[in-house]
A.B. asks: 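One structure is given below, represented as structure tokens, and several questions about it will come after.
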Amino acid sequence: MVFWVFGYGSLVWNPGFEYDEKILGFIKDYRRVFDLACIDHRGTPQHPARTCTLEKSQETICWGVAYCVRGGPEKERLAMEYLERRECEYDAKTLVDFYREGEPSQPALTGVIVFTSTPDKVSNKYYLGPAPLEEMARQIATAVGPCGNNRDYLFKLEKAMFDIGHEDNYIIELANEVRKELGIAEKGMLKERKLVGSSSRMPLTKSHIPTLQLHRRPEAVAMDS
């Protein structure tokens with residue numbers, strides 16, 4: 001057995017598990033959104049962080065990295081157990097087609113695992129939903145957990161996407177709003193560079209950061225940074 005997993009958040013810069021191959025590429029009809037609560041890594045139950053998840057979006061692509069794990073059942077089991085602990089706030093595994101850079105018409109891989117979350121506040125207690133940009137930035141600027149600051153997660157994702165040559169407009173806009181909250185000057189290089197293949201901007205809606213009644217999951221481990 002061999003499995004592939006698609007990383008679109010912290011897995012892009014810090015996979016944290018033993019893998020045999022990685023490929024830069026994208027999946028179709030999804031975009032990143034910071035709509036998922038994190039209470040174990042970059043936030044707490046009292047002050048949850050906002051972390052990255054995926055939202056279905058027709059004719060949009062999401063760039064990231066696909067990792068392959070092969071080498072026998074034990075190696076694959078250990079890698080999957082690690083990923084399930086790390087991604088414990090994602091309530092679903094979705095199978096997607098993965099496309100290599102420069103080959104957009106035919107998928108290079110099928111059945112690639114991606115950790116996703118159900119966009120329903122009733123069935124998924126970790127789903128925060130969208131909020132105005134300023135509210136999201138304020139929450140990200142102030143949340144802290146065992147792995148560090150929520151804002152560092154966002155800034156590392158921004159840099160990781162820049163490093164692979166596929167910046168995300170939404171991530172840059174949110175990161176720059178967090179910098180405004182912190183009184184930090186925007187990174188001109190990231191703001192001004194022409195974006196290639198980035199996700200379309202998510203429309204911001206009027207809502208408020210919800211108060212969550214959450215409890216720390218005992219199986220979660222601090223290893224996303």
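Because the structure is a prediction, the values reported are computed rather than measured.
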A.B. asks: Could you walk me through whether Cys52 and Tyr153 pass the side chain to side chain contact (heavy atoms under 4.5 Å, CB included) check?
C.D. replies: CA-CA 9 Å; Cys52 191; Tyr153 170 92; 3.3 Å; yes

A.B. asks: Are Asp35 and Arg50 within salt-bridge range, i.e. N to O under 4.0 Å?
C.D. replies: yes

A.B. asks: Is a side-chain N or O of Gln139 found less than 3.5 angstrom from the main chain of Pro48, in a donor-acceptor match?
C.D. replies: yes

A.B. asks: Parallel, tilted or perpendicular for Phe26 and Tyr99, by the 30°/60° rule?
C.D. replies: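 Taking Tyr99 first and then Phe26, their aromatic rings lie parallel (interplane angle under 30°).
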
A.B. asks: Is Arg70 paired with Glu76 through a side-chain N to carboxylate O contact shorter than 4.0 Å?
C.D. replies: no

A.B. asks: Go through the steps for Thr142 and Arg151 under the test side chain to side chain donor-acceptor pair (under 3.5 Å), then give the verdict.
C.D. replies: CA-CA 8 Å; Thr142 55; Arg151 59 183 179 266; over 6 Å; no

A.B. asks: Can you tell me which residue among Leu83, Thr94, Leu95 is in a side chain to side chain contact (heavy atoms under 4.5 Å, CB included) with Ile113?
C.D. replies: Leu95

A.B. asks: Examine Arg179 relative to Phe155 and say whether NZ or CZ is less than 6.0 Å from the centre of the six-membered ring and inside a 45° cone about the ring axis.
C.D. replies: yes

A.B. asks: Take Thr53 and Ser117 through the side chain to side chain donor-acceptor pair (under 3.5 Å) test and state the conclusion after the steps.
C.D. replies: CA-CA 7 Å; Thr53 186; Ser117 54; 2.7 Å; yes

A.B. asks: Under a 4.5 Å side-chain heavy-atom rule over Ile, Leu, Val, Met, Phe, Trp and Tyr, are Leu174 and Trp13 clustered together?
C.D. replies: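 Yes.
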
A.B. asks: Looking at Arg32 and Tyr8, would you say the former's side chain and the latter's main chain have a donor-acceptor pair under 3.5 Å?
C.D. replies: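 Yes; at least one donor-acceptor contact below 3.5 Å.
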
A.B. asks: Are the charged groups of Glu134 and Arg138 less than 4.0 angstrom apart, N to O?
C.D. replies: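 Salt bridge: no.
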
A.B. asks: Any salt bridge linking Asp163 with Lys159? Criterion: basic side-chain nitrogen under 4.0 Å from a carboxylate oxygen.
C.D. replies: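 Salt bridge present between Asp163 and Lys159.
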
A.B. asks: Is the Phe17 to Tyr67 ring centre distance short of 6.0 Å?
C.D. replies: yes

A.B. asks: Distance-only, no hydrogens or angles: does the Thr44 side chain make a donor-acceptor pair with backbone N or O of His47 under 3.5 Å?
C.D. replies: yes

A.B. asks: Shortest non-hydrogen contact from Glu89 to Ile39?
C.D. replies: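 Residues Glu89 and Ile39, closest heavy atoms: OE2-N, 3.0 Å.
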
A.B. asks: Report yes or no: do Val144 and Ile140 belong to one cluster of Ile/Leu/Val/Met/Phe/Trp/Tyr joined by side chain heavy-atom distances under 4.5 Å?
C.D. replies: no

A.B. asks: Side chain to side chain donor-acceptor pair (under 3.5 Å) for Asp91 and Thr118? Distances and angles first, verdict last.
C.D. replies: CA-CA 7 Å; Asp91 66 338; Thr118 306; 2.8 Å; yes

A.B. asks: Do His166 and Glu101 meet the criterion of a side-chain donor-acceptor pair at a distance under 3.5 Å?
C.D. replies: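 Yes, side-chain donor-acceptor contact under 3.5 Å.
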
A.B. asks: Salt bridge check: are Glu87 and Lys93 linked by an N-O gap of less than 4.0 Å?
C.D. replies: no

A.B. asks: Asp29 side chain to Glu59 main-chain N or O, any donor-acceptor pair under 3.5 Å?
C.D. replies: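 Pair found, side chain donor or acceptor close to backbone of Glu59.
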
A.B. asks: Are the side chain of Lys121 and the backbone N or O of Leu128 linked by a donor-acceptor pair below 3.5 Å?
C.D. replies: yes

A.B. asks: Hey, are Asp168 and Arg31 close enough for a salt bridge, meaning a charged N less than 4.0 Å from a carboxylate O?
C.D. replies: no

A.B. asks: Where do Trp4 and Phe98 land on the side chain to side chain contact (heavy atoms under 4.5 Å, CB included) test, with the steps shown first?
C.D. replies: CA-CA 10 Å; Trp4 288 84; Phe98 175 84; over 6 Å; no

